[in-house]
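Here is the structure we will look at, set down as structure tokens.
Only this structure's heavy atoms are used, side chains among them; waters, hydrogens and symmetry mates stay out. Each chain gets a letter, A, B and so on, in the order the sequences are listed, and its residues count up from 1.
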Protein chains: 4
Amino acid sequence: MSVAKEKRSRIRDAIREGALQEFARNGLAGTSTQAIADAAGITKAQLHYYISSKEDLYQEILGHIFSEWRSLFFISSSGDDPETAIRDYIARKVRHALEHPEFSRLFVNEMARGAPEMAEHWDRLRAATEEASAVIRKWIAEGRIAPVDPLLFQIHMWAVTQHYAEYEVQTRVLMGVAPQAPLDAGRITEEVTQLFLIRCGLMQVERAA
Amino acid sequence: MSVAKEKRSRIRDAIREGALQEFARNGLAGTSTQAIADAAGITKAQLHYYISSKEDLYQEILGHIFSEWRSLFFISSSGDDPETAIRDYIARKVRHALEHPEFSRLFVNEMARGAPEMAEHWDRLRAATEEASAVIRKWIAEGRIAPVDPLLFQIHMWAVTQHYAEYEVQTRVLMGVAPQAPLDAGRITEEVTQLFLIRCGLMQVERAA
Amino acid sequence: MSVAKEKRSRIRDAIREGALQEFARNGLAGTSTQAIADAAGITKAQLHYYISSKEDLYQEILGHIFSEWRSLFFISSSGDDPETAIRDYIARKVRHALEHPEFSRLFVNEMARGAPEMAEHWDRLRAATEEASAVIRKWIAEGRIAPVDPLLFQIHMWAVTQHYAEYEVQTRVLMGVAPQAPLDAGRITEEVTQLFLIRCGLMQVERAA
Amino acid sequence: MSVAKEKRSRIRDAIREGALQEFARNGLAGTSTQAIADAAGITKAQLHYYISSKEDLYQEILGHIFSEWRSLFFISSSGDDPETAIRDYIARKVRHALEHPEFSRLFVNEMARGAPEMAEHWDRLRAATEEASAVIRKWIAEGRIAPVDPLLFQIHMWAVTQHYAEYEVQTRVLMGVAPQAPLDAGRITEEVTQLFLIRCGLMQVERAA
DNA sequence: GATGAATGAGGGTTCATTCAT
DNA sequence: TATGAATGAACCCTCATTCAT
């Protein structure tokens, strides 16, 4: 019984994983259930035994991504000092973008479609963002960082870090990194961190030569 | 004669426009020729009279985007001083992202697929980027801006400005702007400009309160 | 005026010629009006100005072939002696098969379809064949040739000679003749003639070695 | 299980049979998958579940015909005496032409197109023909038959017997046989056999009256 | 006459989903 | 559960023919 359950669970994971890859690559409409079944190593008929429809599977995965991101994608409101919070956030986010680019790709694809499936998630996103904005505003009020637009500051950090997932191919071309080789996470994290720490006065610009 | 030519030209434009919208929304595979025809206000058979195939139309539009971008998307190597060059670049790019978000959306979608149709364009992109990097390096060498990684500096400006096109829906939600209302281009341009000018020492951080 | 007429006539000939080639190659259903127009060196719209429909053009060509054949394809009932009549017939037919194989190909293709368009021609064909049979029967009655089945005798001459048009490709392969090089008409005519002359006692078998 | 397999096998046979009929009638280009599906008594979508493409199905059938013919269409090199070998060959071939005329029709249709799909079969055909030619040459050398051109002798036997399949409609008209009634196989076989036996001295011409 | 444009029907094929076993 | 088979709707595209200029 437990063995059967475990197998079922393994198949479900394989489906989620395969579907994520395929949806991220080709979008909802551009992905065939056959492709998902192949990626999961099962037959198409078997796939339809585990899912109710392609759309539902897509929805489920979107929700999955969303919940994973809530922990990852917002400046923590824990007691960290601003610099630590920002450094951690950027490092975490860059690492995630390089290791799991499919998440971002599926996400941006959904945005391109006008995010019809996201309606139910917007409230939670807005709330989490507002929470982080409050933290930033507090930092500003306490004189711990220079004044910034809290919302746009977050959006820009998000934008820059996401970019490495979404434009991986282009970044490889521009940085001269071969398809399979890893991108230089250190160089990226360093430069991104500087950009935002300097912006809010937590780091000084190097003197010009 | 001229009337006929004009009509033909109008139809061709309608096709390009409609196809751009649809491809940007649903990608190559996810877009049906019926949808393109509808968007262009013509019949499917008529569409196929004007194009040779969906793939070719896609390619043509991709090339179109690419050539438009060459003028828009790189820091000009003209004699501008660094601040003017950066300000202009960001303003131009933000405006474009807000007015023609489909361009970026089609582009990021193509990236997600691994950019199979871009092969022929990479060389030109790399060359243009390298040219801009040379300009930035010169600025650094001349002590006109603080040292930055020239390539990543460009990538990040690109990332932040593109973001407003790609994540328009989300941005609206977070900024509380209704679907049809315009986003606050001034606020965005201002904050983005500050981010990058401060980074390279061309603007000072406001003193914390 | 006469010049215009001549041009029109030239176009009509080009259409017939082109259509014959195409129909012979790909059959009625398998031939597109575009292909015919191309072969005739005109536009598709222009073609439809000259013909009323693809089917009608096909019919016309079939009739054309048929009338050309009436003179070619039956043993002449003129006063020739049997040997001359048979020799002439075979020589004429082999030459025609090698020079205008399209005729036979279109014909056999029509047969394969059940010859739905031939209905009106059958009577004339049967009459002509019967006429020739009468000649043969007379020859037999007069003791000028050995007894043969007059109808089958004709059918077999027809079959063997047609074959060189219909199976030209295969014959080339078997005889080792390159695609553009001419088939050995002399060898073929000689052997075919012997076959039928020997059959009706007008030529002796070579003694076995 | 076995029932399912049997059903599948029956469907496959129905497809092959239906496709053969349709292809023989209208050629590759002129045959629609709908027509094949109808002939096989299945839906178009079902057809495409069993075949990979129309072209592949055509190829498969062509190969099928070809392999069936290898045993049928060459003078056996077994120890038969010449007369038996020739008599058997003709009888076999006439029977086949009358019973399975579609084979020949598809074949001749393929020839008309220039036999683009036959490339891979030519070698085997040439080899088999050459083998039979060797047998005939041996017969001649041994004085068992009169000298003939071995290749053309084969071609002509082939031509005459094929004819009854390819021109069945015309033959019916000329012989006055109603569409469904059987052709007189005996009369045909007899006359064809005489033609070739007489040619090679294995039978005497009847004395003229 | 000639031609670019248009169109309704149909071409081959794929697909998400269901069904029977 | 799992899987071959089936299906109706769609998909991309071509075609014979007509129309307007």
Side-chain angles (χ1 to χ4, degrees), chain A residues 4-5 7-8 11 28-37 41-58, chain B residues 1-5 7-8 10-12 28-37 42-58, chain C residues 4-5 7-8 11 28-37 41-58, chain D residues 1-5 7-8 10-12 28-37 42-58:
Chain A
K5 261 191 190 172
K7 188 185 176 196
R8 218 162 28 191
I11 289 181
L28 171 56
T31 297
S32 69
T33 53
Q34 182 64 68
I36 297 171
I42 58 179
T43 64
K44 202 166 56 162
Q46 199 177 353
L47 172 66
H48 277 281
Y49 178 82
Y50 282 93
I51 69 174
S52 56
S53 80
K54 192 171 76 160
E55 264 78 12
D56 283 357
L57 175 58
Y58 183 80
Chain B
M1 187 79 79
S2 172
V3 172
K5 262 190 189 170
K7 188 185 174 196
R8 193 173 51 196
R10 236 181 308 123
I11 289 180
R12 264 180 224 287
L28 173 56
T31 297
S32 69
T33 52
Q34 181 65 69
I36 297 172
I42 58 179
T43 65
K44 202 168 56 161
Q46 198 177 353
L47 172 66
H48 279 284
Y49 177 79
Y50 282 92
I51 70 172
S52 55
S53 79
K54 192 174 75 159
E55 260 78 11
D56 281 0
L57 176 58
Y58 183 78
Chain C
K5 263 190 188 171
K7 189 184 174 197
R8 218 161 29 192
I11 289 181
L28 171 56
T31 297
S32 69
T33 54
Q34 182 65 67
I36 297 172
I42 57 179
T43 63
K44 202 167 56 163
Q46 199 177 354
L47 173 67
H48 278 282
Y49 177 81
Y50 282 92
I51 69 173
S52 55
S53 80
K54 191 171 78 160
E55 263 78 12
D56 282 358
L57 175 58
Y58 183 80
Chain D
M1 188 77 79
S2 173
V3 173
K5 261 189 188 170
K7 188 185 174 197
R8 195 173 51 194
R10 237 181 309 121
I11 288 181
R12 264 180 225 286
L28 172 56
T31 298
S32 68
T33 52
Q34 180 65 67
I36 297 172
I42 58 179
T43 64
K44 203 167 59 157
Q46 198 177 354
L47 172 66
H48 280 284
Y49 178 78
Y50 283 92
I51 69 173
S52 55
S53 78
K54 191 174 77 160
E55 259 80 11
D56 281 0
L57 176 58
Y58 183 79

>> Do D:I36 and D:L57 have side chains that approach each other closer than 4.5 Å (heavy atoms only, starting at C-beta)?
In response: yes
> For the residue pair A:S52 and A:D56, what are the closest heavy atoms and their distance?
Replying inline: OG-OD2, 2.6 Å
> Rounded to whole angstrom units, what separation is found between the OH atom of A:Y58 and the C1' atom of E:dA16?
Replying inline: 17 Å
> Taking CD1 from C:I36 and C1' from F:dC15, how many angstroms apart are they, rounded to a whole number?
Replying inline: 12 Å
> Pick the nucleotide of DNA chain E nearest each of D:A35 and A:L28; which residue has the one closer to the 5' end?
Replying inline: D:A35
> Under the ring-ring contact (aromatic ring centres under 6.0 Å, His included) test, which residues partner B:Y50, sequence neighbours left out?
Replying inline: none
>> Please compare C:S53 and B:H48 by the position of their nearest nucleotide in DNA chain F and report the one closer to 5'.
In response: B:H48
> How close or far is atom C1' of F:dC13 from atom CD of B:E55, stated in whole angstroms?
Replying inline: 12 Å
> Could you state the interatomic distance from CD (D:Q34) to OG1 (D:T43), rounded to the nearest 0.5 Å?
Replying inline: 8.5 Å
>> Once rounded to the nearest 0.5 Å, what's the spacing between atom NZ of A:K44 and atom OG1 of A:T33?
In response: 5.0 Å
> Which range-with-range stems can be found for DNA chain E when each stem has 3 or more Watson-Crick or G-U pairs in a row and both distances sit under 3.5 Å?
Replying inline: E:2-21 with F:2-21
>> Within the 4.0 Å limit for protein heavy atoms, which parts of nucleotides 4-11 of chain F are touched? Write it as a string from 5' to 3', B for base, S for sugar-phosphate only, - for none.
In response: BBSBB--S
> Can you tell me if B:K54 uses its side chain to pair, donor with acceptor, with the backbone of B:L28 under 3.5 Å?
Replying inline: yes
> How close do A:G30 and B:A29 get, heavy atom to heavy atom, and via which atoms?
Replying inline: CA-CB, 3.7 Å
